[in-house]
Amino acid sequence: MKTVRIADFKAHVGEEVLVQGWLHNKRSSGKLQFLIVRDGSGFAQAVVAKAGVPPEAWEAGDAMGQESSLELTGKVKEDKRAPGGFEVEVTGLKAIHVTHDFPITPKEHGTAFLMENRHLWLRSQRQHAILRIRHAVVKATRDFLDDQGLTLVDTPIFTPAACEGTTTLFGVPYFDEGTAYLTQSGQLYNEANAAAHGKVYCFGPTFRAEKSKTRRHLTEFWMVEPELAFAHLEDALKLAEGLICSVVRRVLETRKEELKTLERDVAQLEKIQSPFPWLHYDDAIKLIQSKGSQTQWGSDFGGTDETVIAQAYDRPVVVHRFPSAIKAFYMEPDPDNPVYSLSADILAPEGYGEIVGGGERMSSAESLLARIHEHDLPEEAFRWYIDLRRFGSVPHAGFGMGIERVVTWICGIDHLRETSAFPRTLYRIYP
RNA sequence: UCCUCAGUAGCUCAGCGGUAGAGCAUCCGGCUGUUAACCGGAGGGUCGUAGGUUCGAAUCCUACCUGAGGAGCCA
């Protein structure tokens, strides 16, 4: 008999099928067993009637504890009483591996315990839904950028020095070359790739050794970074806007069930449409100060500030032209007033904070060299980067989008760590 | 690095100076439509660690360890 995945039940109503999976939960009476079975594609209820199966099948159901692996045969039926709308009327049931004492019971658990058992927690309905949404986000991101004519050119994970010379990096011994560092951004290499391919993106893991201990930070996270040649700040941010709208639309279309499992208010996501509002840094400062923030002009926003700004809108907001002094050395100054840089962040609604950061890159070799000296960076390490301005320099811009932050926002959950199968945080590297 | 809170059964917690408790999980029994099923019974403990106060400490004090939340930091 052919194995049918639970997600495909709709096309097999009335047929006898084989299901291979695990026992998620069980309820039973003297003559009936209700097995909630999951097979990776979904969850379904299997009903075993003592009178309707061979005795060994009934005993198998009786003996199985939570998360036992099993194979069953039965007829697919539509039934409103069953979770998911379909159930299987079991004709045969066999345990592959009987297990008891699965640590994660259907009752409440604390985060520490769940994180300690992350390898098992992944099987729960909620975690399953979140990671399925993450997959949709990644797929939609790639599809959108590919359709816009960008070429995927991945950048290295081992790097010789700080990309921006500011944040803390993880160092690893690298043969006789001394210390290599895990990348914190593919951007500088992206600029080289953009000069070769015109429009590129990289998509991979990035690493930050900051001792951040908040619900918005991981030490290892995934970031997609598009970079466009012959482009200005507005061009890059328009691409980001299209990307975000496209990703949200895709999740709404293809992950309805998962959003329902997470009890996500989809009305909030349906509002995500172009155009996004643009807010100048100066106006953003005025806005948060009027709401009682102590943040002064010339500083970056705190977590609370971002929430206050985002709450003023029902869709993501673009905050642009941060002072050059608080941005990375390679940001192009605004020609109208060089105190400001051609940079922008996109803040997600509902207090989820920054999901995109980007800007226009400095295109003059002389200005860039001056900046490198101002920031006290080793000129030799950036020789290749300056070369990009010596051989056919063009205006170019790009941005980075943090995948986990986007997934957290779309799922409407309160902590970044659930969006990664095995999140790396300040005090946890097991499992 | 700083601030706050918490460590008691496998899990979630109550107990806050005088016999170690509950719900869930596990095991046994009952129930033909359950929805975190329900009902009855059983087993399960170095009260985070070390010291101190006391006739007596899970409970009060000190230090340390571990974790959570937040701040700082952070495309």
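Just so we're clear, the structure is a prediction, and the values are computed from it rather than from any experiment. Side-chain atoms are counted along with the backbone in the values below, which use heavy atoms only and exclude waters and symmetry mates.
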- line: With the side chain defined as heavy atoms from C-beta on, Ala51(A) is closest, among C74(B), U32(B), A71(B), to U32(B)
Atom [atom1] of [X] and atom [atom2] of [N]: how far apart are they, to the nearest Å?
{"X": "Leu426(A)", "N": "C2(B)", "atom1": "CG", "atom2": "C1'", "answer": "13 Å"}
{"X": "Asp300(A)", "N": "C74(B)", "atom1": "CG", "atom2": "C1'", "answer": "9 Å"}
{"X": "Tyr430(A)", "N": "G67(B)", "atom1": "OH", "atom2": "C1'", "answer": "16 Å"}
{"X": "Leu32(A)", "N": "U32(B)", "atom1": "CG", "atom2": "P", "answer": "8 Å"}
{"X": "Asp62(A)", "N": "C28(B)", "atom1": "CG", "atom2": "P", "answer": "8 Å"}
{"X": "His109(A)", "N": "G23(B)", "atom1": "NE2", "atom2": "P", "answer": "17 Å"}
{"X": "Leu169(A)", "N": "C74(B)", "atom1": "CG", "atom2": "P", "answer": "13 Å"}
{"X": "Ile326(A)", "N": "G72(B)", "atom1": "CD1", "atom2": "P", "answer": "14 Å"}

[X] near the nucleic acid: base, sugar-phosphate alone, or nothing, with a heavy-atom cut-off under 4.0 Å?
{"X": "Gly110(A)", "result": "sugar-phosphate"}
{"X": "Glu225(A)", "result": "nothing"}
{"X": "Lys213(A)", "result": "base"}
{"X": "Leu114(A)", "result": "nothing"}
{"X": "Met401(A)", "result": "base"}
{"X": "Gln45(A)", "result": "base"}
{"X": "Phe322(A)", "result": "nothing"}

Can you tell me how far [atom1] in [N] sits from the matching atom in [M], rounded to whole Å?
{"N": "G43(B)", "M": "C31(B)", "atom1": "P", "result": "24 Å"}
{"N": "U46(B)", "M": "G7(B)", "atom1": "C1'", "result": "15 Å"}
{"N": "G48(B)", "M": "U8(B)", "atom1": "P", "result": "6 Å"}
{"N": "G45(B)", "M": "C39(B)", "atom1": "P", "result": "26 Å"}
{"N": "G44(B)", "M": "A9(B)", "atom1": "C1'", "result": "6 Å"}

field: Donor-acceptor pair under 3.5 Å, Glu87(A) side chain vs G33(B) base
entry: yes
task: Would you state whether a donor and an acceptor, one from the side chain of Gln33(A) and one from the base of U34(B), lie under 3.5 Å apart?
output: no
- line: The residue, His415(A) or Thr206(A), whose nearest nucleotide of RNA chain B is more 5′ is His415(A)
message: Nearest heavy atom decides the nucleotide; on that basis, is Phe113(A) or Arg27(A) closer to the 5' end of RNA chain B?
response: Phe113(A)
message: side chain to side chain contact (heavy atoms under 4.5 Å, CB included) for Ile130(A) and Glu418(A)? Distances and angles first, verdict last.
response: CA-CA 7 Å; Ile130(A) 293 169; Glu418(A) 288 184 68; 3.7 Å; yes
Given [N], is OP1 or OP2 found less than 4.0 Å from the side-chain N or O atoms of [X]?
{"X": "His100(A)", "N": "C27(B)", "value": "yes"}
{"X": "Arg216(A)", "N": "G72(B)", "value": "no"}
{"X": "His24(A)", "N": "A36(B)", "value": "no"}

query: Do you see a donor-acceptor pair shorter than 3.5 Å between the side chains of Gln66(A) and Thr105(A)?
result: no
message: Can you see whether Thr261(A) engages Gln125(A) through a side-chain donor-acceptor pair at a distance of less than 3.5 angstrom?
response: no
message: Counting the benzene-type ring for Trp, do Phe382(A) and Tyr330(A) have ring centres under 6.0 Å apart?
response: no
task: State yes or no: are the ring centers of His119(A) and Phe422(A) separated by less than 6.0 Å?
output: no
- request: Please report the C-alpha distance between Trp121(A) and Phe113(A) in whole Å, then the side-chain angles of each, then the deciding distance to 0.1 Å, and finally whether the side chain to side chain contact (heavy atoms under 4.5 Å, CB included) criterion is met.
  value: CA-CA 10 Å; Trp121(A) 188 23; Phe113(A) 175 78; over 6 Å; no
message: Rounded at 0.5 Å granularity, tell me how far OG1 in Thr91(A) sits from CG in Leu72(A).
response: 8.0 Å
